[in-house]
J.: 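Next up is a structure, given as structure tokens.
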Amino acid sequence: MRLSRYFLPVLKETPSEAQIVSHRLMLRAGMIRQQAAGIYSWLPLGFKVLRRIEQIVHEEQQRAGHIPLLMPTLQPADLWRESGRYEAYGEEMLRIKDRHKRDLLYGPTNEEMITDIFRSHVSSYKDLPLTLYHIQWKFRDEIRPRFGVMRGREFLMKDGYNFDLTYEDAMHAYNRHLVSYLRSYERMGLQAIPMRAESGPIGGDDTHEFLVLAETGESEVFYDSEITDLRFGEREIDYDNVDQCRAVLEEFTSRYARTDDTHDAAAFEAQVPEERRRSARGIEVGQIFYFGTKYSEPMGATVVNDKGERVPVHMGSHGIGVSRLLGAIIEASHDENGIIWPEGVTPFHAGIVNLKQGDAAADAACESLYAALKAKGLDPLYDDREERAGAKFATMDLIGLPWRITVGPRGLKNGVVELTSRRTGESEELTAEAAIDRLAQIYAPHL
RNA sequence: CGGGGCGUGGCGCAGCUUGGUAGCGCGACGGUUUUGGGUACCGUAGGUCGUAGGUUCGAAUCCUAUCGCCCCGACCA
């Protein structure tokens with residue numbers, strides 16, 4: 001993309017309503033525009049990152065064998081009356097009447113609807129296990145939306161639902177989700193720690209929340225410092241292998257890690273040596289639940305087992321806060337000049353800064369660099385505006401592309417361009433060809 | 001919902017106490033400057049002062065109502 005033809009409304013000054021750094025930076029970088037309390041338009045740059053995150057979630061869910069579908073944002077109230085949650089959910093549910101005065105609601109989650117789909121089409125244990133998911137907009141009429149996309153009322157969430165014949169099968173689905181979530185977050189450049197949590201209105205017995213440590217997090221967390229050394233990394237895993245998945249769960253959840261909801265000071269002190277005890281703040285970016293037959297029983301989601309008996313299926317639901325992740329990533333990765341995108345989610349792979357727009361040699365070098373990067377399958381942003389170098393650097397730093405190639409007449413005289421890491425600030429002079437190869441190598445794992 | 005604060009060009013703000021017909025910085029636009037980390041100068045455009053009603057010769061300013069936004073708390077991906 002050429003910046004001169006893009007739509008990137010960056011702000012020099014910080015809008016007064018933004019209190020936390022991710023919100024400020026998203027506004028300043030022209031990623032979002034607030035339309036009402038907790039409701040945002042996604043401008044091109046923000047939309048691009050949102051799509052990259054969605055893509056990672058899709059890939060990792062499907063790698064785990066989970067099947068995508070799409071359910072609507074509006075749901076009939078009757079479905080929720082069946083589960084008893086139409087009344088129970090409270091003011092947070094946005095209720096709507098259509099022209100015929102029928103009761104609808106803007107879905108805050110989809111357990112009822114997915115259960116309805118399941119019960120109308122699945123009747124045999126032979127069709128299990130089954131995990132269906134979608135990535136769809138949700139609406140929860142929060143009392144107090146805040147912090148930009150971190151606590152919006154409308155938000156994009158991946159929610160997945162597993163249907164299994166037995167408790168054991170459902171626990172495997174639970175473990176499988178934990179593994180797939182660990183992989184997803186790591187691909188986004190995040191460390192998200194699974195912590196024992198409370199189930200809230202979804203209900204259920206087993207549940208873990210995934211938290212990204214950040215000063216501005218809304219949850220207080222307590223953990224064993226050893227847990228931050230754990231990485232899923234590049235290991236191979238067979239998602240159908242029950243033992244392998246369980247081993248990962250045990251590895252990542254055996255040490256003490258809890259949110260303030262479930263924190264037990266006595267257990268914390270008993271289990272964790274003092275020098276490893278940490279308390280911090282965290283941003284919740286996902287949660288997995290096992291809730292058994294809580295919905296399948298009242299809603300009649302049953303299958304016939306191998307003995308010919310009709311039994312309710314064991315279910316769980318699993319969510320990733322897709323739109324919230326943008327905020328979480330920025331909270332975890334920024335500096336005083338702006339955002340620092342991890343390679344896995346960056347809106348553009350590299351920025352090209354032409355220091356002297358209109359200089360024949362510089363223009364030509366930038367054009368060929370731009371074309372060559374695209375030929376490698378990369379997505380560069382070429383700042384071809386008639387701006388001073390400082391303004392271009394400031395824009396690039398603000399929007400946070402992890403790599404920048406700086407091209408100017410001085411360097412070109414020596415046959416070099418400059419490749420700069422946004423994260424470290426370190427620059428290296430090298431030929432354009434070498435810079436292209438370097439970037440192709442850096443991004444090879446992410447394409 | 002309880003407590004606090006704020007609505008004035010795209011953004012950040014001043015003006016309001018003591019009513020007299022709107023101003024500054026940034027940004028935008030047109031020039032000059034050719035500048036290697038938000039350059040400087042000249043010029044231009046852009047505002048029913050959130051909305052409605054009231055008081056007044058006259059309201060951004062005073063009064064009433066209303067809408068919206070932000071912050072702290074209880075709730076949540």
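Just so it is clear: chains get the letters A, B, ... in the order the sequence lines come, proteins before strands, and each one is counted from 1. Given the structure is predicted, the values throughout are model-derived calculations rather than measurements.
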J.: Taking donor-acceptor contacts at under 3.5 Å, does the side chain of Arg404(A) reach the base of G37(B)?
T.: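 A donor-acceptor contact between them is present.
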
J.: Could you tell me how the ring of Tyr167(A) sits relative to the ring of Tyr290(A): parallel (under 30°), tilted (30 to 60°) or perpendicular (over 60°)?
T.: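 Tyr167(A) vs Tyr290(A) ring planes: perpendicular.
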
J.: Please confirm whether the shortest side-chain N or O distance from Gln34(A) to OP1 or OP2 of G68(B) is below 4.0 Å.
T.: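 Indeed not, no polar side-chain atom of Gln34(A) lies that close.
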
J.: Could you point out which residue of Thr131(A), Val122(A), Ile114(A) forms a side chain to side chain contact (heavy atoms under 4.5 Å, CB included) with Phe163(A)?
T.: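 Among Thr131(A), Val122(A), Ile114(A), the one meeting side chain to side chain contact (heavy atoms under 4.5 Å, CB included) with Phe163(A) is Ile114(A).
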
J.: What contact category does Pro409(A) fall into here, base, sugar-phosphate, or nothing, at under 4.0 angstrom with non-hydrogen atoms?
T.: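 Base contact.
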
J.: Could you pick out which residue, Met157(A) or Pro145(A), lies toward the 5' side of RNA chain B when each is mapped onto its nearest nucleotide?
T.: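 Here Pro145(A) is the residue nearer the 5' end.
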
J.: To the nearest Å, how far apart are Tyr40(A) OH and C70(B) C1'?
T.: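 One finds 10 Å between C1' of C70(B) and OH of Tyr40(A), rounded.
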
J.: Distance alone, cut at 3.5 Å: any donor-acceptor contact between the side chains of Asp159(A) and His134(A)?
T.: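 Yes, side-chain donor-acceptor contact under 3.5 Å.
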
J.: In whole angstrom, give the distance that lies between atom CD1 of Ile143(A) and atom C1' of C72(B).
T.: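 Going from CD1 in Ile143(A) over to C1' in C72(B) covers 14 Å.
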
J.: What contact category does Gly319(A) fall into here, base, sugar-phosphate, or nothing, at under 4.0 angstrom with non-hydrogen atoms?
T.: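 No contact at all - Gly319(A) keeps every heavy atom at 4.0 Å or more from the nucleic acid.
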
J.: Checking side chain to side chain donor-acceptor pair (under 3.5 Å) between Tyr174(A) and each of Arg246(A), His208(A), His318(A), His314(A), which is the one that passes?
T.: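 Testing Tyr174(A) for a side chain to side chain donor-acceptor pair (under 3.5 Å) against Arg246(A), His208(A), His318(A), His314(A) leaves exactly one candidate, His208(A).
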
J.: Enter the distance from Lys48(A):NZ to Thr346(A):OG1 here, rounded to the nearest 0.5 Å.
T.: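 Separation between the atoms: 8.5 Å.
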
J.: Expressed as a whole number of Å, how far does the P atom of A45(B) sit from that of C29(B)?
T.: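 One P to the other, the span is 16 Å.
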
J.: Whether the Gln357(A) and Lys392(A) side chains hold a donor-acceptor pair (N or O, under 3.5 Å, no angle test) is what I'd like checked.
T.: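 A donor-acceptor contact under 3.5 Å links the two side chains.
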
J.: As an exercise, state the distance from OG of Ser427(A) to CD1 of Ile405(A), rounded to the nearest 0.5 Å.
T.: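 Here the rounded value is 11.5 Å.
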
J.: Would you measure the distance from the C1' atom in A28(B) across to the matching atom in G15(B) and give it in whole Å?
T.: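 After rounding to an integer number of Å, I get 25 Å for this pair.
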
J.: For C24(B), which nucleotide is its Watson-Crick or G-U wobble mate, given both distances must be under 3.5 Å?
T.: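 With both distances under 3.5 Å, C24(B) matches G12(B).
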
J.: With both distances under 3.5 angstrom, what nucleotide forms a Watson-Crick or G-U wobble pair with A60(B)?
T.: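 The answer is none; no pair meets the criterion.
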
J.: Could you check how far CD of Gln287(A) sits from C1' of A77(B), rounded to whole Å?
T.: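 One finds 8 Å between C1' of A77(B) and CD of Gln287(A), rounded.
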
J.: Please give the distance between the C1' atoms of G73(B) and A65(B) as a whole number of Å.
T.: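 Per the computed distance, 28 Å lies between those C1' atoms.
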
J.: What is the pairing partner of U34(B), taking Watson-Crick or G-U wobble pairs with both distances under 3.5 Å in any strand?
T.: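 Its partner is none (no Watson-Crick or G-U wobble pair with both distances under 3.5 Å).
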
J.: Roughly how many Å is it from CE in Met188(A) to C1' in A77(B), rounded to a whole number?
T.: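 Going from Met188(A) (CE) to A77(B) (C1'), I get 13 Å.
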
J.: Under 4.0 Å between a side-chain N/O of Arg385(A) and OP1 or OP2 of G38(B), yes or no?
T.: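 No, because none of the side-chain N or O atoms of Arg385(A) sits under 4.0 Å from OP1 or OP2 of G38(B).
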
J.: Distance between the C1' atoms of A22(B) and A60(B), in whole angstroms?
T.: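 Nearest-Å result for A22(B) against A60(B) at atom C1': 8 Å.
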
J.: Could you tell me how far apart Ile32(A) (CD1) and C69(B) (P) are, to the nearest whole angstrom?
T.: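 Checked: the CD1 to P distance equals 15 Å.
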
J.: Below 30° counts as parallel, above 60° as perpendicular, anything between as tilted: where do the rings of Phe139(A) and Tyr106(A) land?
T.: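 It falls in the tilted class, 30° to 60°.
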
J.: Between Gln62(A) and Tyr133(A), do the side chains contain an N or O donor and an N or O acceptor separated by less than 3.5 Å?
T.: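 Yes, because at least one side-chain N or O of Gln62(A) sits under 3.5 Å from a partner of the opposite role on Tyr133(A).
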
J.: With no hydrogens and no angle check, do the side chains of Glu111(A) and Ser317(A) hold a donor and an acceptor under 3.5 Å apart?
T.: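 Yes.
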
J.: Over all heavy atoms of both residues, which pair between Ala29(A) and Ile399(A) is shortest? Give the atoms and the distance, please.
T.: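 Taking every non-hydrogen atom into account, CB-CG2, 4.1 Å.
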
J.: Once you apply a heavy-atom cut-off of 4.0 Å, does Leu355(A) come out as touching a base, just sugar-phosphate, or nothing?
T.: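 Touches a base.
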
J.: What's the CZ-P distance between Phe139(A) and A77(B), to the nearest Å?
T.: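 Computing the Phe139(A):CZ to A77(B):P distance gives 16 Å.
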
J.: To the nearest Å, give me how far apart CG (Leu43(A)) and P (G10(B)) are.
T.: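 Going from CG in Leu43(A) over to P in G10(B) covers 16 Å.
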
J.: Using a heavy-atom cut-off of 4.0 Å across all strands, would you classify Val285(A) as base, sugar-phosphate, or nothing?
T.: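 If one applies the 4.0 Å heavy-atom cut-off, Val285(A) turns out to touch the sugar-phosphate alone, with no base involved.
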
J.: Report yes if the ring of Phe155(A) lies under 5.5 Å from the six-membered base ring of A77(B) with planes under 30°, and no otherwise.
T.: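 Stacked: centres under 5.5 Å apart, planes under 30°.
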
J.: Any residue in residues 325-337 of chain A with a heavy atom nearer than 4.0 angstrom to RNA chain B? Just list them by number, or reply none.
T.: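 Those residues whose heavy atoms fall under 4.0 Å from RNA chain B, taken from residues 325-337 of chain A, amount to none.
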
J.: For Gly358(A), report the nucleic acid contact type (base, sugar-phosphate, nothing); a contact means any heavy atom under 4.0 Å.
T.: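 Result for Gly358(A) = nothing.
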
J.: Taking the same atom, P, in G53(B) and in C69(B), what whole-Å distance lies between them?
T.: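 One P to the other, the span is 23 Å.
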
J.: Below the 4.0 Å mark, does C71(B) have OP1 or OP2 next to a side-chain nitrogen or oxygen of Arg144(A)?
T.: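 Yes.
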
J.: Say you pick atom P in G50(B) and the same atom in U33(B); how far apart are they, in whole Å?
T.: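 43 Å, rounded to whole Å.
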
J.: Let me have a per-nucleotide readout for nucleotides 22-35 of chain B, 5' to 3', with B, S or -, counting only protein heavy atoms under 4.0 Å.
T.: ---BBS------SS

J.: When you compare the side chains of Gln35(A) and Ser41(A), does any donor N or O come within less than 3.5 Å of an acceptor on the partner?
T.: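 Gln35(A) vs Ser41(A): donor-acceptor pair found between side chains.
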
J.: Which nucleotide in the list A77(B), G38(B), C75(B) gets nearest to the side chain of Glu92(A)?
T.: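 Of the candidates, C75(B) comes closest.
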
J.: Tell me the partner of G43(B), counting only Watson-Crick (N1-N3 plus N6-O4 or O6-N4) or G-U wobble (N1-O2 and O6-N3) with both under 3.5 Å; none if nothing fits.
T.: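 Pairing partner: C29(B).
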
J.: Which label fits Trp42(A) and Trp137(A): parallel for a plane angle under 30°, tilted from 30 to 60°, or perpendicular past 60°?
T.: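 Ring orientation, 0 to 90° scale: tilted.
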
J.: In the structure shown, which nucleotide is the Watson-Crick or G-U wobble counterpart of C1(B), with both distances under 3.5 Å?
T.: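 Paired with G73(B).
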
J.: If we take the P atom in both G46(B) and G9(B), what is their distance in whole Å?
T.: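 It works out to 15 Å between them.
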
J.: Give one of base, sugar-phosphate or nothing for Gly152(A), where a contact means two heavy atoms less than 4.0 Å apart.
T.: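 Since a base atom lies under 4.0 Å of Gly152(A), the category is base.
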
J.: Which nucleotide in the set C75(B), G36(B), A77(B) lies at the smallest distance from any side-chain heavy atom of Arg146(A)?
T.: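 Given the options C75(B), G36(B), A77(B), the side chain of Arg146(A) is closest to C75(B).
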
J.: Say we look at C16(B) and U21(B): how far apart would their P atoms be, to the nearest angstrom?
T.: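 So the two P atoms sit 14 Å from each other.
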
J.: Atom CZ of Arg33(A) to atom P of G10(B): distance rounded to whole Å?
T.: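 Result: 10 Å.
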
